[in-house]
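First comes the structure, then the notes that go with it.
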Amino acid sequence: GDAIYADKTQAKYFNDSNLREALISQNAGTPIIMTQLYLDLLAHPEYSQLVNETHIFGSIDDHDYGTDNGDTTFKYKREAAIEYVETFLRQDPDSIMAKRAQTG
């Protein structure tokens, strides 16, 4: 599965009405929306406990760009990769994975 679902088809599941409306109006996850979704997930008590007890490793796929089946043309691809690696995976910005994300 994906860490978050940030395309407009998932907006109906968001409790935060401002976030829901922003996602619908943008048609895809912007870096701000994606950061908030990652922070919401990390704040979930059970998930928070898991990441504090386990090393989490992930890879970015087409859904993690902020739109369903995103590709290299998605305008936030680089920013989405950075948010995934640095915010969600909590990688140091100087890590190899973060540097690769920063290159887009």
**Prompt:** Can you find a pair of side-chain heavy atoms, one from Arg90 and one from Val51, that are under 4.5 Å apart?
**Reply:** yes
Please tabulate, for side-chain N and O atoms in residues 97-104, each donor-acceptor pair with protein atoms closer than 3.5 Å (sequence neighbours left out).
unit_1: Gln102; atom_1: NE2; unit_2: Glu86; atom_2: OE2; d: 3.0
unit_1: Gln102; atom_1: NE2; unit_2: Pro93; atom_2: O; d: 3.1
unit_1: Thr103; atom_1: OG1; unit_2: Arg100; atom_2: O; d: 2.7

**Message:** More than 12 heavy atoms of other residues, nucleotides or ligands under 6.0 Å from CD1 of Ile32: yes or no?
**Reply:** no
Which side-chain N or O atoms in residues 42-49 pair as donor and acceptor under 3.5 Å with protein atoms at least two apart or in another chain?
unit_1: His44; atom_1: ND1; unit_2: Glu46; atom_2: OE1; d: 3.1
unit_1: Gln49; atom_1: NE2; unit_2: Glu53; atom_2: OE2; d: 3.1

**Item:** Contacts of Gln36 that satisfy side-chain hydrogen bond (donor to acceptor under 3.5 Å, both in side chains) - sequence neighbours left out
**Value:** Asp40
**Asked** Hey, does Glu83 have a side-chain heavy atom less than 4.5 Å from the side chain of Phe88?
**Response** no
**Request:** With rounding to the nearest 0.5 Å, note down the distance linking CE in Met34 to OH in Tyr84.
**Result:** 10.0 Å
**Message:** If I take atom OH from residue Tyr38 and atom CD1 from residue Ile33, how far apart are they, to the nearest 0.5 angstrom?
**Reply:** 12.5 Å
**Prompt:** Going from CG on Leu89 to CD1 on Ile56, what distance comes out if it is rounded to the nearest 0.5 angstrom?
**Reply:** 8.5 Å
**Request:** May I ask you to decide if Gln91's main-chain N or O and Ser95's side chain share a donor-acceptor pair within less than 3.5 Å?
**Result:** no
**Fill in**
Sorted by chain and number, sequence neighbours left out, side-chain hydrogen bond (donor to acceptor under 3.5 Å, both in side chains) with Asp92 holds for none
